[in-house]
There are 2 protein chains.
Amino acid sequence: MTEFDWNLIRSFVAVAEAGSLSEAARRLSSSQPTLGRHVTELEVALGVVLFRRGRGGYELTENGVAFLDRAKAMRENADALARLAIGREETVAGTVRITASEIIATYVLPSIMARLGESEPGIEVEIVASNQVGNLLRRDADIAIRMVAPAQDDIIARKIADLPLICCAASSYLDRRGRPRQATDLLEHDLVGFDRDDDIVQGFAHFGVEVDRHKFRFRTDNQVVFWEAVRAGNGIGFAQASLVSRDPGVEPILPEMPLPALPMWLAMHHDVRHSPRIRRVADFLFAELKAYSAG
Amino acid sequence: MTEFDWNLIRSFVAVAEAGSLSEAARRLSSSQPTLGRHVTELEVALGVVLFRRGRGGYELTENGVAFLDRAKAMRENADALARLAIGREETVAGTVRITASEIIATYVLPSIMARLGESEPGIEVEIVASNQVGNLLRRDADIAIRMVAPAQDDIIARKIADLPLICCAASSYLDRRGRPRQATDLLEHDLVGFDRDDDIVQGFAHFGVEVDRHKFRFRTDNQVVFWEAVRAGNGIGFAQASLVSRDPGVEPILPEMPLPALPMWLAMHHDVRHSPRIRRVADFLFAELKAYSAG
DNA sequence: GTCTACCCATTCAAAATTGAATATCAATGC
DNA sequence: GCATTGATATTCAATTTTGAATGGGTAGAC
């Protein structure tokens, strides 16, 4: 019997998920003509039409939908093989991908990675700064630093620490506008807040204080922009205590005010735990992040 | 992240199961250099040694063993996709592979298929004559005619009939050596029997008659050779009643002797049941084989 | 010993695959 | 209305992949 080209399935899944040849090509680092050919070749081989070719892109037909589950299962197996391989590599040298929140990736990891480079020059590092919990199953990353307890199966997680949050502002701002003495003073101040994300609003609500988003003079959903806005003296914000204590231009406010703490977890896939390289980086990260959270 | 070529996994499984590049190449209808390259390319991509290259062939390393399960799972998904495709094809024309026992494939199917060709000229047929129960899961065949009840999951089976076995011999032989009147007379006769297969020996044992294989003057494990040996007058044998009744040169003996009947089943894979082509052939086969078993 | 039957690696010309470039179309913003 | 963006199809030169042929090795039969 005639075997078909398994790569066609890989392309099929990518196009189905991306919704267009071009987008799928970007994700697979392939090219649009290639994926187009793959899809039609698969259709010919199977004798079934999988996509409706529209102006806006490729849309699955009913037949295509019927194939997608199995095709995805195939990809999962391929991913699992890739992880298995990493778990069995014997060399320490190579690349490790780490995903972490924007704040951690921007302000904490660079110096940690510099120190890692001194002791392990053979290890290259790729940092994915993202607040979305990336997919360890599909190996978007080898190691994830997350602010929520990972729940997925086959994920090994170690809790690093609880990162206390504190209220803070730039000294320049406080010199100008005065230092709040009690929590209610905050409402007289300029606040830096999130835009669509309503963590802070809910935090206030938790203390019985109703604020709406217009209370915040400076709003952004980008955590790095948020922190830089605080540093630049736009007003009062909330940040990890360790971040504040490392920045001489920003000072804590109302240190007695009880705020929730952010748990920090280090996660990696079960299959990959015996890779000396990933192990090394994970252990190093764990120790350094623990030190960071204490300082 | 970098995706590897999924076809390498296909080759890996084939080589692992075949035990050598050359044998795997034969099964995949590929070539030995290609598979050799695939395997080493996969090893490089994964950074893991999968095979021990020996004089006699390729043998899995421990690492290779660790990968095999997942890789097989991947192949199963690929096979499932192929079946799904067949189940969704809309055209009746095309090829159908049928596996059946040597006897059925040799003496029964050809005339049935000739009749099928008259009403469905667009359907091509491939017959796999084999007593091994071929693998419908891996699509070694689309339809299987089997003499045992299929047990695998996802297999749809219809029982066609019970084929009675009878004792028989060529008239030329019986004219020469006389016709047995009772079961014990058989021991005075030349018998045609199996070689390593001891079905017949056990059949005798079932009647309390101990015979050893040297009782059989003509021995073969090939069922077709067996039947031709009976037809040619080598002695007394056992065969499906329908076969005997269709052959003017062979006559039944001791028709009252109680012998076990062979159940005949038609099996196909669940995924494939809606293919008009396979459906058509299966229905046709069912009716014709039922008629055969009655005649 | 020799012969045969298996293997595997390597070579190299032919065949297949790829992607940059291009033409085209539809929707959207100004 | 026109420019822009983002999509697909097509073309074609360059790259990659393939497999027939070859050489060489080893085990087993005779």
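Each chain gets a letter, A, B and so on, in the order its sequence line appears, and its residues count up from 1. Since we're looking at a predicted model, the values are computed, not measured.
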Just compare [options] and give me whichever is closest to any side-chain atom of [X].
| X | options | result |
| --- | --- | --- |
| B:Pro33 | D:dT8, C:dC8, D:dA21 | D:dA21 |
| A:Ser20 | C:dC7, C:dA9, D:dT8 | D:dT8 |
| B:Ser22 | C:dC8, D:dA21, D:dA7 | C:dC8 |
| A:Arg37 | C:dT18, D:dA7, D:dA9 | C:dT18 |

Within the structure, does a side-chain N or O atom of [X] lie under 4.0 Å from either OP1 or OP2 of [N]?
| X | N | value |
| --- | --- | --- |
| B:Tyr58 | C:dC6 | no |
| A:His38 | C:dT17 | no |
| B:Thr34 | D:dG19 | yes |
| B:Arg26 | C:dC7 | yes |
| B:Ser30 | D:dG19 | yes |
| A:Arg52 | D:dT8 | no |

**Message:** Could you check whether any side-chain N or O of B:Thr106 sits under 3.5 Å from a backbone N or O of B:Ile103, counting only pairs where one atom can act as donor and the other as acceptor?
**Reply:**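 No: the side chain of B:Thr106 does not pair with the backbone of B:Ile103.
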**Prompt:** Quick one: does B:Thr61's side chain have a donor or acceptor within less than 3.5 Å of a partner on B:Val49's backbone?
**Reply:**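 Present.
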Expressed in angstrom and rounded to an integer, what is the separation of [X] atom [atom1] from [N] atom [atom2]?
| X | N | atom1 | atom2 | answer |
| --- | --- | --- | --- | --- |
| B:Leu35 | C:dA9 | CG | P | 12 Å |
| B:Leu28 | D:dT17 | CG | P | 18 Å |
| B:Phe51 | C:dA9 | CZ | C1' | 16 Å |
| A:Asn7 | C:dA16 | CG | C1' | 14 Å |
| A:Leu42 | C:dT17 | CG | P | 14 Å |
| B:Arg53 | C:dT10 | CZ | P | 11 Å |
| A:Leu21 | C:dC25 | CG | C1' | 15 Å |
| A:Arg10 | C:dT17 | CZ | P | 14 Å |

**Asked** Do B:Glu76 and B:Lys72 meet the salt-bridge criterion of a basic N to acidic O distance under 4.0 Å?
**Response**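 Salt bridge between B:Lys72 and B:Glu76, a charged N being under 4.0 Å from a carboxylate O: no.
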**Message:** Contact between B:Arg75 and A:Trp6 at the side-chain level, heavy atoms closer than 4.5 Å - yes or no?
**Reply:**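 The answer is yes, as the side chains (C-beta and beyond) meet within the 4.5 Å cut-off.
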**Request:** Decide yes or no for A:Leu42 and A:Ile9: does some side-chain heavy atom of the first lie under 4.5 Å from some side-chain heavy atom of the second?
**Result:**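 With C-beta onward as the side chain, the pair touches.
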**Request:** Indicate, yes or no, whether a donor-acceptor pair under 3.5 Å links the base of D:dA9 to the side chain of A:Gln32.
**Result:**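 Side chain to base: pair present.
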**Request:** Between B:Gly57 and A:Ser31, name the one whose nearest nucleotide on DNA chain C is closer to the 5' end.
**Result:**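 Its nearest nucleotide being more 5', the pick is B:Gly57.
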